[in-house]
Engineer: 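Before I ask anything, here is the structure I am working with.
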Amino acid sequence: MEAQIDRDPSRFRVLTGDRPTGALHLGHHLATLANRVRLQQAGLDVVLVIADYQVITDRDETGDLPAVVREVVLDYLAAGIDPDRTTIFTHSAVPALHQLMLPFLSLVTVAELERNPTVKAEAADAVGRQGRGMSGLLLTYPVHQAADILAMHGNLVPVGADQLPHLETTRAVARRFNQRFTAAQPYFAEPDALLTDSLTVLGHDGAKMAKSRGNALELRASEDDTAAFFRRARTDSARHITYEPEQRPEVANLLRIGAHFAGTTPEALADAIGAAGAGRLKDVVTEAVVEGLRSLRARRRALAADGAAVVGEVLARGNARANVLAAGTLTDVRELMGMTY
Ligand code: TRP
């Protein structure tokens with residue numbers, strides 16, 4: 001896939017996005033943000049959905065969406081997403097996308113949806129933490145995600161391992177739509193996954209970094225908060241620092257974060273610290289992150305001064321383009337289904 005991208009970047013429209021449940025954190029930076037900026041720089045057409053309807057898949061409250069969406073857009077821009085080249089849109093502003101979900105729902109069975117391992121895990125979490133049953137939206141959001149992708153004719157979807165089942169749903173929807181309504185000439189391309197090195201970044205407590213666990217380092221955090229975060233980070237009792245992801249997950253996590261920002265490998269970083277121990281490791285990682293995020297944070301502060309206006313303008317443009325693309329797809333789909341009167 002990377003070779004094809006190098007050869008002909010203009011063939012690809014990348015479709016990916018985030019649920020706006022909070023400002024972006026270090027996990028987003030390592031796992032997805034840096035890669036999106038790379039694809040944008042390589043000349044691919046990148047489309048990012050801020051999936052506001054996905055917020056209510058597993059919770060009742062939407063929270064302060066305007067504030068959260070603003071933080072997410074500022075994080076994108078500060079990280080190097082360029083709104084002249086990359087389209088950023090919000091679900092709720094693009095009605096045609098949601099109408100596509102109706103025919104798409106007819107192309108999957110409930111049994112298939114119930115087998116989706118990511119949905120299952122999220123439903124178990126919703127039941128366990130909130131005593132909440134699986135909502136119809138939680139069960140069907142992979143189809144909604146197929147609509148995100150296919151409405152925009154995205155053909156490349158950067159995903160972590162947890163999102164792969166959803167991409168399989170998207171591919172099945174595209175394939176079955178073609179079989180059912182446009183057998184002579186396929187209409188939807190089956191999008192490909194671009195599997196990002198599924199880097200799981202851990203929070204200070206050793207569990208996966210997540211806003212909902214309260215263990216995340218937000219990109220916008222101050223330098224003092226960054227230092228405090230790493231001081232609290234869990235390590236282990238072995239003094240000598242080595243990179244052993246299986247045996248020493250917490251130390252390995254710090255080494256990966258440090259290496260990412262210092263432009264080296266976790267192994268080399270471990271060798272450089274060696275006998276100096278976990279205290280030194282934390283200092284080195286703190287310094288690498290503070291340095292590595294310095295320009296992002298400076299850009300973010302500059303943008304935030306006029307945040308509401310900047311974000312409003314970016315979304316107005318992004319939503320306008322997304323509406324054109326989705327409306328075009330819906331018109332085609334209605335025609336192929338014999339629904340134009
Ligand atoms: N579910 C994705 C996440 O939680 C966000 C998302 C919404 C998405 N729509 C998408 C990702 C379409 C890829 C393609 O990270």
Side-chain angles (χ1 to χ4, degrees), residues 1-6 9 14 16 24-42 44 75 78-81 156 158-164 193-210 215-219 221 223 225-297:
M1 192 49 68
E2 294 291 346
Q4 282 185 49
I5 293 172
D6 280 347
V14 175
T16 184
L24 302 186
H25 54 63
L26 203 60
H28 294 111
H29 195 278
L30 269 69
T32 57
L33 261 186
N35 190 44
R36 293 173 188 174
V37 173
R38 178 183 73 95
L39 295 169
Q40 167 194 278
Q41 301 306 83
L44 286 75
D75 284 328
I81 295 292
L156 191 63
V159 282
D162 66 319
Q163 298 289 307
L164 270 180
L194 183 64
L195 201 59
T196 39
D197 303 331
S198 47
L199 268 182
T200 299
V201 176
L202 307 182
H204 60 68
D205 57 354
K208 183 177 173 181
M209 186 177 285
N215 66 356
L217 176 67
E218 293 185 342
L219 293 174
E223 296 187 4
D225 289 344
T226 304
F229 174 88
F230 286 110
R231 266 199 305 278
R232 284 172 75 192
R234 275 239 291 261
T235 51
D236 55 38
S237 54
R239 171 144 190 99
H240 201 96
I241 296 302
T242 53
Y243 183 59
E244 295 172 88
E246 296 295 323
Q247 287 88 351
R248 308 182 68 184
E250 291 103 351
V251 166
N253 176 61
L254 291 175
L255 287 166
R256 277 196 304 268
I257 293 171
H260 173 82
F261 287 105
T264 177
T265 63
E267 291 84 355
L269 189 58
D271 284 346
I273 295 166
R280 176 81 190 128
L281 171 63
K282 291 181 176 188
D283 288 346
V284 168
V285 173
T286 301
E287 210 177 291
V289 172
V290 165
E291 268 316 305
L293 291 180
R294 192 184 298 285
S295 63
L296 181 154
R297 285 171 169 168

Engineer: List the residues meeting side-chain contact (heavy atoms from CB on, under 4.5 Å) with V201, not counting sequence neighbours, and say none if there are none.
Structural biologist: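 Applying side-chain contact (heavy atoms from CB on, under 4.5 Å) to V201 gives L30, M209, N253, I257.
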Engineer: Would you say CD of E287 has more than 12 non-hydrogen atoms from neighbouring residues, nucleotides or ligands within 6.0 angstrom?
Structural biologist: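 Counting neighbours around CD of E287, 12 or fewer heavy atoms of other residues, nucleotides or ligands fall under 6.0 Å, so no.
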Engineer: For L194 and E2, run side chain to side chain contact (heavy atoms under 4.5 Å, CB included): C-alpha distance rounded to whole Å, both residues' side-chain angles, the deciding distance at 0.1 Å, then the answer.
Structural biologist: CA-CA 8 Å; L194 183 64; E2 294 291 346; 3.6 Å; yes
Engineer: Just wondering, do H260 and H29 contact through their side chains at under 4.5 Å, heavy atoms?
Structural biologist: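 They are in side-chain contact.
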Engineer: Would you check if I241 and L269 make a side-chain contact, meaning some heavy-atom pair closer than 4.5 Å?
Structural biologist: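 They are not in contact (no side-chain heavy atoms under 4.5 Å apart), so the answer is no.
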Engineer: Test side chain to side chain contact (heavy atoms under 4.5 Å, CB included) on R248 and L254 and set out the steps.
Structural biologist: CA-CA 10 Å; R248 308 182 68 184; L254 291 175; over 6 Å; no
Engineer: Under the ring-ring contact (aromatic ring centres under 6.0 Å, His included) rule, collect the residues that match up with Y243, sequence neighbours excluded.
Structural biologist: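 So Y243 forms no ring-ring contact (aromatic ring centres under 6.0 Å, His included) with any residue.
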Engineer: Within the 4.5 Å heavy-atom criterion, are P158 and V14 side-chain neighbours or not?
Structural biologist: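 Contact flag for P158/V14 side chains = yes.
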Engineer: So R294 and E223, salt bridge (Lys or Arg N to Asp or Glu O under 4.0 Å) or not? Walk me through it.
Structural biologist: CA-CA 9 Å; R294 192 184 298 285; E223 296 187 4; 3.2 Å; yes
Engineer: Between T265 and R256, is any side-chain donor less than 3.5 angstrom from a side-chain acceptor?
Structural biologist: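 T265 vs R256: no donor-acceptor pair found between side chains.
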Engineer: Please walk me through it: do T226 and F230 pass side chain to side chain contact (heavy atoms under 4.5 Å, CB included)?
Structural biologist: CA-CA 6 Å; T226 304; F230 286 110; 3.9 Å; yes
Engineer: For the pair D75 (side chain) and L24 (backbone), establish whether a donor and an acceptor sit closer than 3.5 Å, ignoring hydrogens and angles.
Structural biologist: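 Present.
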Engineer: Without swapping roles, check the side chain of Q40 against the backbone of G80 for a donor-acceptor pair under 3.5 Å.
Structural biologist: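 Confirmed, Q40 side chain pairs with G80 backbone.
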Engineer: How about T16 and V159: do any of their side-chain heavy atoms sit closer than 4.5 Å?
Structural biologist: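 No, their side chains stay 4.5 Å or more apart.
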Engineer: Do R239 side-chain atoms and A276 backbone N/O form a donor-acceptor pair below 3.5 Å?
Structural biologist: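 Here the side-chain-to-backbone pair exists.
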Engineer: Quick check: does any side chain N or O of R232 sit under 3.5 Å from a backbone N or O of A227, one acting as donor and the other as acceptor?
Structural biologist: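 Not confirmed, R232 side chain does not pair with A227 backbone.
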Engineer: According to the salt bridge (charged side-chain N to carboxylate O under 4.0 Å, His left out) rule, which pairs have a member within residues 260-285, sequence neighbours left out?
Structural biologist: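 Those involving residues 260-285 do not exist here.
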Engineer: What pair of heavy atoms forms the shortest contact from T242 to L255, and how long is it?
Structural biologist: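 Shortest heavy-atom contact: O-CD1, 3.6 Å.
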Engineer: Apply side chain to side chain contact (heavy atoms under 4.5 Å, CB included) to the pair F261 and V285, showing each step before the final yes or no.
Structural biologist: CA-CA 8 Å; F261 287 105; V285 173; over 6 Å; no
Engineer: Say whether, by atom type as modelled, one donor and one acceptor occur between the side chain of N215 and the main chain of A207 under 3.5 angstrom.
Structural biologist: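 The answer is yes, because a donor-acceptor pair under 3.5 Å joins these two groups.
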